[in-house]
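In what follows, a structure is listed as structure tokens, so that the remarks can point back to it.
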Amino acid sequence: MAKKKKSPEAILKRAETLYGKKSYQAALKEYQKYKRVAPEGLTDTVSSHIEQCERETALLRAKELVKKGRKLLGRGKLEQALECFEKAHAVTGDRQLADMISELRVKSAGMDKAASADRAEADGDYLKAAEILAQLYEAKSDKGLLCRQAHCLVLAEQWDQALELYVQVECSSPAEWYNYGFAQAKSGHYGDCLNSWQNIRSKHPDFIVQKKNVSELYIQKLANDLNQAQRNNALFEEAGTVLEQLESVADLGDDGQNLLARCRSLRLGQLWQEDRLWDIRKMLPEADTMNSAELAIHAKTAYQLLDQEGAKAPLSLVYDFIDYWLSALLHPETGWKYPDGSGETDRTCQALLDMGYTLIRKFSEQHPEIGSTLTEQWKENLVQLKTIASLISAQTENETGLAPYSPAPALKAGLGEQLFVLLEKHEEAFPDKAAFLATGAAYSLAGKAMIMARDRDYEGSLQEITFLEKVNQDPFLDRGAAQVKLECGLNELEKGQYREAERLINPVLSRLVDSGSLTGKLLAVLEQSIEYRYNLERLASSVNILSTLQKFLSSQSITHHRSEAVNALLCVLLTEQAFILSKNKKANIRITVKSLEKAAALNPGNEHTRVALREVRIAHDASEIDTAIGQMKIAKAARIAIASDYPEVRDIFFSFCKECYEGFDKMANLENQKYKRLFLQDFLTSCRNVDPLHPVTMELEDALDELDELDELN
């Protein structure tokens, strides 16, 4: 059955209804039907409605195009998105849409250029790629574009142009630093290249070889420049930083090492002439080789700085002075000719030794908390170096150029192992095994950790020595480990970690009692516990450590003055501990007496301890007498008074007896008189045993005589 056709009136009516509901797209379809079937019926109103429907429909279509364009843009289809946006703009004329179209056209053009740059780089046409990247950078300032352009210039071997770009870029990645340094090296700026490459932590063999090659070129350039220079301070400044820039290069060969030494020596000499002592000192950590001239400069620098700074000098400067001053004076080219005790050179060097010791002693007097440690270390190092000097002198050949360096300079100069081998073969040169082990340890594998501990890098030194103990075992390492643990333990004590301090220190004391400097340092730290007398935990740890040390000292043939120092300090600490424990009621009087007796036995000359012990003993005996009399054990009280060494105790005994006697006078009845006689008789017997001529004894005798007379009268 055929569908019935609608009349024009019905079509128009439906169109008007949809128009009224603002369904413009549907209304337009109906209007268009009406226009086909009844064109003569188009009124002005209908025509205006049709025009509005056409406008609204076009706007809706534009919105759909924008929506579709955004989706295409999100998928990366830039060209198709642009087509949608342009069609929509043709309808709407929207300004924001026009701006977006402009931006996308620029981006499209940039993508085309970026693709061109990629193709040029892939084809090896690096200059063209750099040019395109430059154009892109002009359109949009982006660091990545600049870095890539610089990289293309490096590949194109346009070193200077590449450097101009890298100056504008703050390199952040290893690749950027590498390319920057490579361009610097190719431009002849070897030092700058090494500085740039210090920001790369790579251990790749090829990279290590490259750094070595650049380092050698740098040194050769410096050598040539120095040959041509007269007094070029700027060049000396550059030469002075060579080692810092080459610190990661392991092997430069003999030629390279010689050039480095020359640059370093020239720099040191220039600094010395300019009196820049602190700058010379800053070069100390950089040294991996050292000749006699440098050693002398460092020694003189350390002396002058310590003399100028006085009490304000850092402890590290004092240690450096000891190391370098003694090494210089015992070096065959700067001091003694391996001294035998005669000759003008020997007298001059002895005078210089005396000057150095005077400086150390002056500093020690200003810092009593560490003074004994420094003076003892000076003496020990001097004995060690004299022994090493005599061993080197006795060798028929000294092809290795050995010299009696202190441990720190020896390890820096790479001579520690050779000196250790020399020492290891000559135990007979030392006065005893303890001195042999102590000296050998300083030049052994443990030497580095010992110096770290001395310089207060406690965590690093303990890690170093713990690792060495796991992989090595020998008496020298054992001795060095003991010293490191003592230093670290003392640091723990200062930090308040008392149990950890005892754990580290006590087990190693038996291996260190031979060292005067270490014993002195231990005593200096423990002596500070007196200032913390109310810190019972620290006081107890100090007493435990000292007691352990005292046992080892008393069981071995240790110098008398060192034992006396330990005993004297332990006496003081025990006395303080006994009083504080008693005051805080954490120890009864018997324990206090025993502690003070131990303290007095350690140092009989301590007047404070003697007086304290006397007073406490008197108090103890008085307490015992009081208890005995309170229990009516008169004979026991008498025995205590007789056994006591102190007249005051006997006076106390008689005082108690008199108080009791006077109490008996209140007993009036005859029955109590009988008990009174018995008590008085007991008191009289005990008093006669203590002192028959004491006034209280005489009073008791008179009292008993009176009782006898009363009995006769009754």
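Atom set for the values below is all heavy atoms of this structure, side chains included, hydrogens, waters and symmetry mates excluded.
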ask   = Would you call Ile208 and Lys212 a side-chain contact if the rule is heavy atoms closer than 4.5 Å?
value = no
query = Side chains of Phe321 and Ile360: does their closest heavy-atom pair fall under 4.5 Å?
reply = yes
task = Verify salt bridge (charged side-chain N to carboxylate O under 4.0 Å, His left out) between Glu492 and Lys485, making sure each step is shown before the conclusion.
result = CA-CA 10 Å; Glu492 293 296 327; Lys485 290 176 181 178; over 6 Å; no
request  = Using atom types as modelled and distance alone, determine if a side-chain donor or acceptor of Thr387 lies under 3.5 Å from a backbone N or O of Val383.
outcome  = yes
ask   = Below 4.0 angstrom, N of the basic side chain to O of the carboxylate: do Arg503 and Glu500 qualify?
value = yes
ask   = Which value, rounded to the nearest 0.5 Å, describes the distance between Leu596 atom CG and His608 atom NE2?
value = 8.5 Å
query = Counting N and O atoms only, with roles assigned by atom type, does the side chain of His367 sit under 3.5 Å from a partner on the main chain of Ala311, one being a donor and the other an acceptor?
reply = yes
ask   = With side chains defined as the heavy atoms from C-beta onward, is the minimum distance between Val484 and Tyr458 less than 4.5 Å?
value = no
note = d(Lys386 NZ, Leu330 CG) to nearest 0.5 Å is 7.5 Å
query = Can you name the nearest heavy-atom pair linking Ser327 to Ser406, along with the distance?
reply = OG-N, 2.8 Å
ask   = Would Phe436 and Phe476 count as a close aromatic pair, with their ring centres under 6.0 Å?
value = yes
ask   = Under the 3.5 angstrom rule, does the side chain of His426 hit a backbone N or O of Glu428 as a donor-acceptor pair?
value = no
Ser595 vs Ile591 side-chain heavy atoms within contact, under 4.5 Å = yes
message = Testing the 3.5 Å rule here: is there a donor-acceptor pair between the side chains of Asp354 and Gln350?
response = yes
key: Within 6.0 Å of CD in Glu417, more than 12 heavy atoms from elsewhere   = no
ask   = Hey, does the Lys NZ or Arg CZ of Arg454 hover above the aromatic six-ring of Tyr319, less than 6.0 Å from the centre and inside 45° of the axis?
value = yes
key: More than 12 heavy atoms from other groups under 6.0 Å of CD on Glu459   = no
remark   = Leu194 and Lys211 have their tightest heavy-atom pair at CD2-O, 4.0 Å
message = Let me confirm one number: the CG-CD1 distance from Leu573 to Ile545, rounded to the nearest 0.5 Å.
response = 10.5 Å
task = Measure the shortest side-chain to side-chain distance between Leu509 and Leu522 over non-hydrogen atoms and say whether it is less than 4.5 angstrom.
result = yes
request  = Might you confirm whether atom CZ of Phe467 has over 12 heavy atoms from other residues, nucleotides or ligands at distances under 6.0 Å?
outcome  = no
Donor on one side chain, acceptor on other, Asn213 and Tyr190, under 3.5 Å = no
task = Please report the C-alpha distance between Leu419 and Ile392 in whole Å, then the side-chain angles of each, then the deciding distance to 0.1 Å, and finally whether the side chain to side chain contact (heavy atoms under 4.5 Å, CB included) criterion is met.
result = CA-CA 9 Å; Leu419 288 172; Ile392 294 175; 4.2 Å; yes
key: Backbone of Trp378 reached by a side-chain donor or acceptor of Asn381 within 3.5 Å   = no
ask   = Quick one: are Leu437 and Phe430 in side-chain contact, heavy atoms under 4.5 Å?
value = no
request  = Please assess Tyr405 against Leu385 for the test side chain to side chain contact (heavy atoms under 4.5 Å, CB included), listing each intermediate value before the final yes or no.
outcome  = CA-CA 7 Å; Tyr405 286 113; Leu385 290 179; 5.8 Å; no
note = In short, Tyr357 meets Lys379 closest at the heavy-atom pair OH-CE, 3.4 Å
key: Check: Asp457 main-chain N/O paired with Asp455 side-chain donor or acceptor under 3.5 Å   = no
query = Of the non-hydrogen atoms in Glu502 and Ser541, which two are nearest, and what is the gap between them?
reply = OE2-OG, 2.8 Å
inquiry  = In the structure I gave you, are the side-chain heavy atoms of Val572 and Thr575 within less than 4.5 Å of one another anywhere?
reply    = no
query = Run the side chain to side chain contact (heavy atoms under 4.5 Å, CB included) check on Thr609 and Asn603 step by step: do they pass?
reply = CA-CA 9 Å; Thr609 301; Asn603 185 17; over 6 Å; no
Check: Gln483 and Leu486 side chains under 4.5 Å, non-hydrogen atoms = no
key: Leu569 to Leu523 - nearest heavy-atom pair and separation   = CD2-O, 3.5 Å
key: Side-chain (Ser444) to main-chain (Ala441) donor-acceptor, under 3.5 angstrom   = yes
ask   = After noting the C-alpha distance and the side-chain angles of Lys598 and Ser547, does the key distance pass the side chain to side chain contact (heavy atoms under 4.5 Å, CB included) rule?
value = CA-CA 11 Å; Lys598 181 179 178 181; Ser547 297; 4.1 Å; yes
ask   = Within the distance-only criterion (no hydrogens, no angle test), does the side chain of Asn544 pair as donor or acceptor with the backbone N or O of Ala540 below 3.5 angstrom?
value = yes
key: Ser542 to Leu526 - nearest heavy-atom pair and separation   = OG-CD2, 3.7 Å
query = Do Phe420 and Tyr443 make the cut of ring centroids closer than 6.0 angstrom?
reply = no
